[in-house]
J.: 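Below is one structure. I have some questions about it.
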Number of protein chains: 2
Amino acid sequence: MADLPEGWEARGRPPALFRRFEFERYGETRVFLDAVAALTEELGVHPQNISFGTTYVNITLESADGSEPGSVELDLAARINALTGSVEP
Amino acid sequence: MADLPEGWEARGRPPALFRRFEFERYGETRVFLDAVAALTEELGVHPQNISFGTTYVNITLESADGSEPGSVELDLAARINALTGSVEP
């Protein structure tokens, strides 16, 4: 797999991309969730799974055909990163 | 605990309320997610965890203080049920 966007890791079989985003308050979590929804709608893709609570969002991206994540998923991961005002180190 | 709203079950220690909602298409999933977000914003509560993919939404409701789910959580569960146009049997 190509280099992963910052903060993402490959997980599982077949490998999926995974990243956890943490926020100070629910308001920030909500803004991020809405931005991810708008982005995926614009791109016509759906993350395999998004799991969220008050101050966190865990995102799993899997390729549509079950193969290793490719450029579509890597690009989506990078664009999701760009949605966060404050990207964790 | 009082009678649970249709489709919900008690899970875990301390017990939380859990229900899985399934949909035909992502569009329906999205409408439901947005309705849940609007409802919880209106009520000033946050579900403990919502996990969703293209055609499903799993919701866990836990009391704020870690005690057994009470009237607040039971009411929220019933109101979430009411958001679904087609409640599964």
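Model, not experiment: these values are computed from the prediction. A note on names: the letters A, B, ... follow the listed sequences, proteins ahead of strands, and every chain is numbered from 1.
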J.: Check the hydrophobic clustering (I, L, V, M, F, W, Y; side-chain heavy atoms under 4.5 Å; chains of links allowed) and say if Val57(B) and Phe18(B) are grouped together.
T.: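 No; Phe18(B) is not reachable from Val57(B) via cluster members.
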
J.: Is the CD atom of Glu41(B) crowded by more than 12 outside heavy atoms at less than 6.0 Å?
T.: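 Check fails, neighbour count at 12 or below.
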
J.: Identify the two heavy atoms, one from Tyr56(A) and one from Gln48(B), that lie closest to each other, and give their separation to 0.1 Å.
T.: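 Distance-wise, the nearest heavy atoms are OH-O, 4.1 Å.
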
J.: Is Val45(B) close to Tyr26(A) at the side-chain level, that is, under 4.5 Å between some pair of heavy atoms?
T.: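 Of all side-chain heavy-atom pairs linking Val45(B) with Tyr26(A), none is under 4.5 Å.
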
J.: Where on Thr55(A) is there a heavy atom nearer than 4.5 Å to chain B: the side chain, the backbone, both, or neither?
T.: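 For Thr55(A), no heavy atom lies under 4.5 Å from chain B.
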
J.: In Å and rounded to the nearest 0.5 Å, what is the CZ to NE2 distance from Arg30(A) to His46(B)?
T.: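 The CZ atom of Arg30(A) sits 10.0 Å away from the NE2 atom of His46(B).
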
J.: I want to check something: taking the side chain as every heavy atom from C-beta on, are Ser51(B) and Ile50(A) in contact at a cut-off of under 4.5 Å?
T.: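 Ser51(B) vs Ile50(A): side chains apart.
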
J.: Please check if the number of heavy atoms outside Glu24(A) that lie under 6.0 Å from its CD is greater than 12.
T.: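 For Glu24(A), atom CD is not crowded (no more than 12 foreign heavy atoms under 6.0 Å).
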
J.: Would you say Leu39(A) ends up clustered with Val31(B) if hydrophobic residues are merged whenever their side chains have heavy atoms under 4.5 Å apart, either directly or through other cluster members?
T.: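 Each belongs to a different hydrophobic cluster.
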
